Amino acid sequence: MRVPPLEGNVHLLAAMSIFGSVEVPAASVAGLRNLVLICFTNRSGSWLLADLLGTSRRFFVGGECLNGDEVANIAQRRRIRSFAGFFEEYLVGQAVDGNLVLKCGLPHLEILGRSGVLDHLGARVRYVHIERLDRLAQAISWEIARQTQHWSSHRAHLPAPEPVYDRAGIEAAIELFAGYNHGFGTFFGLNGIVPEHVTYEALVARPAEVAEGVVAGMFAGPAGVDPAKVTFRRQAGPRNEEWRRRFLAE
């Protein structure tokens with residue numbers, strides 16, 4: 001599996017510093033039947049999709065557990081001494097009937113490629129590329145979350161500074177996400193992968209239909225996702241619209 005290297009991959013460097021190596025032998029992932037990788041950029045609806053799949057109770061949702069800080073916390077708490085052990089104990093060990101969902105940014109994709117996991121699993125990986133078509137709305141959402149640290153509705157109750165409009169920050173986010181989506185496209189092309197494509201807009205409009213489509217064929221019938229049970233909520237409000245009008249007027 002060809003995964004283009006990402007310069008300054010802090011999550012890979014963190015895993016290497018903890019374990020020395022990220023190599024995972026095939027035996028450590030033999031218990032996985034299906035790995036759903038939600039390939040995402042921030043503020044694209046990836047947590048909503050992961051949450052929806054989790055409501056079916058057919059998957060363990062590992063979220064962004066490949067983030068360096070999460071890997072460190074999990075390894076310390078469970079006394080895991082290798083990245084292979086991290087995968088085998090924490091992820092495969094909690095997979096529901098061998099079914100696992102991970103959120104996968106470009107840094108996480110490099111880790112999975114370097115570790116051998118993607119090669120070991122082969123066709124057992126379902127690649128899902130989620131994008132937000134309204135790039136400006138995504139960038140505004142990102143800039144607000146960056147300043148408040150309210151990355152999801154689960155953190156909305158925490159105290160936060162009042163965000164300040166920053167055109168340069170919004171423009172930088174647009175360029176960042178364009179680069180990341182290009183990176184995913186390069187990876188899919190190099191490896192002949194045709195991912196399941198999901199848009200934020202379609203997911204919000206038809207959550208059950210879109211989520212079921214992502215995992216179609218994995219089970220004898222529908223997975224059984226239930227939008228009424230999701231715990232993530234949309235965070236956009238009047239500030240987002242105000243910043244949009246200001247950005248477009250300048």
Side-chain angles (χ1 to χ4, degrees), residues 1-16 19 21-42 44-47 49-50 53 59-68 71 83-84 86-88 91-92 95 98-133 135 175-200 202-203 210-211 213-219 223:
M1 190 69 71
R2 296 182 62 188
V3 182
L6 190 66
E7 185 177 354
N9 186 340
V10 295
H11 301 309
L12 174 61
L13 292 173
M16 293 288 289
F19 301 121
S21 167
V22 292
E23 183 178 354
V24 176
S28 294
V29 294
L32 283 182
R33 295 174 58 195
N34 295 292
L35 171 59
V36 179
L37 284 185
I38 302 176
C39 299
F40 76 100
T41 54
N42 290 90
S44 65
S46 55
W47 267 120
L49 179 56
L53 294 177
F59 300 93
F60 170 59
V61 178
E64 294 178 49
C65 67
L66 295 180
N67 283 351
V71 171
F83 192 66
F86 175 86
F87 238 90
E88 188 167 3
L91 293 174
V92 180
N99 299 311
L100 171 66
V101 174
L102 289 179
K103 288 185 59 191
C104 185
L106 280 182
H108 312 128
L109 191 63
E110 185 180 8
I111 293 172
L112 293 172
R114 289 273 296 267
S115 68
V117 167
L118 300 182
D119 285 316
H120 298 328
L121 293 178
R124 287 180 282 167
V125 182
R126 177 75 57 95
Y127 295 92
V128 182
H129 187 197
I130 186 166
E131 294 186 84
R132 190 164 180 170
L133 299 181
R135 312 296 198 192
E175 293 183 10
L176 175 69
F177 297 144
Y180 279 178
N181 281 317
H182 176 77
F184 282 124
T186 299
F187 167 75
F188 296 138
L190 289 174
N191 296 287
I193 295 167
V194 180
E196 300 291 328
H197 187 253
V198 172
T199 69
Y200 170 91
L203 181 65
V210 172
V214 161
V215 294
M218 286 188 183
F219 310 103

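Since this is a predicted model, take the numbers as computed values, not measurements. For this chain, numbers begin at 1 and follow the sequence in order. Basis for what follows: all heavy atoms, side chains included, without hydrogens, waters or symmetry-related copies.
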Distance, nearest 0.5 Å, that separates CG of Leu118 from CE of Met1: 5.0 Å
Gap between atom OG1 of Thr41 and atom OH of Tyr200 - 0.5 Å precision: 12.0 Å
Using the side chain to side chain donor-acceptor pair (under 3.5 Å) criterion, which residues pair with [X]? Sequence neighbours excluded.
X	result
Ser115	none
His108	Asn67
Ser44	none

Shortest non-hydrogen contact between Leu100 and Gly62, atoms and distance: CD1-N, 4.3 Å
For the student: nearest non-hydrogen atoms of Ala50 and Val61, plus distance: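 Smallest heavy-atom distance, with atoms named: O-CG2, 3.6 Å.
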Residue list, salt bridge (Lys or Arg N to Asp or Glu O under 4.0 Å) with Glu196, at least two apart or on another chain: none
Residues forming a side chain to side chain contact (heavy atoms under 4.5 Å, CB included) with [X], sequence neighbours excluded:
X	result
Val198	Val128, Ile130, Leu203, Val210, Val214
Ala211	Leu49, Leu52, Leu53, Val225
Leu13	none

Pair Glu64-Trp47, side-chain contact (heavy atoms from CB on, under 4.5 Å): steps then yes or no: CA-CA 9 Å; Glu64 294 178 49; Trp47 267 120; 3.5 Å; yes
Could you pull out all donor-acceptor pairs under 3.5 Å where a side-chain atom in residues 25-39 meets a protein atom, sequence neighbours excluded?
| from | atom 1 | to | atom 2 | distance (Å) |
| --- | --- | --- | --- | --- |
| Ser28 | OG | Glu88 | OE1 | 3.3 |
| Arg33 | NH1 | Asp97 | O | 3.4 |
| Asn34 | ND2 | Asn99 | OD1 | 2.8 |

Any Leu91 side-chain heavy atom under 4.5 Å of Leu102 side chain: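 Of all side-chain heavy-atom pairs linking Leu102 with Leu91, at least one is under 4.5 Å.
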Residues Leu66, Leu112; criterion side-chain contact (heavy atoms from CB on, under 4.5 Å); working and verdict: CA-CA 9 Å; Leu66 295 180; Leu112 293 172; 3.9 Å; yes
Residues which pass ring pair (Phe, Tyr, Trp, His ring centres under 6.0 Å) with Phe59, listed by chain and number, not counting sequence neighbours: Phe219
Would you tabulate the side-chain donor-acceptor contacts of residues 175-189 under 3.5 Å, counting partners in other chains and residues two or more places apart, or write 'none'?
| from | atom 1 | to | atom 2 | distance (Å) |
| --- | --- | --- | --- | --- |
| Asn181 | OD1 | His129 | NE2 | 3.0 |
| Asn181 | ND2 | Phe177 | O | 3.2 |
| Thr186 | OG1 | His182 | O | 3.1 |

Qualifying salt bridge (Lys or Arg N to Asp or Glu O under 4.0 Å) pairs, either residue in residues 107-116, two or more places apart: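 Residue pairs with at least one partner in residues 107-116: Glu110-Arg114.
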Pairs flagged by salt bridge (Lys or Arg N to Asp or Glu O under 4.0 Å) wherever residues 120-131 is involved - sequence neighbours left out: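 Listed by first then second residue: Glu131-Arg135.
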Main-chain N/O of Pro107 paired with Asn9 side-chain donor or acceptor, under 3.5 Å: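 Yes, because the side chain of Asn9 sits within donor-acceptor range (under 3.5 Å) of the backbone of Pro107.
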Sidechain-backbone polar pair: His11 side chain, Gly105 backbone, donor-acceptor under 3.5 Å: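 Absent.
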Stepwise side-chain contact (heavy atoms from CB on, under 4.5 Å) check, Cys65 with Phe86: CA-CA 10 Å; Cys65 67; Phe86 175 86; 4.2 Å; yes
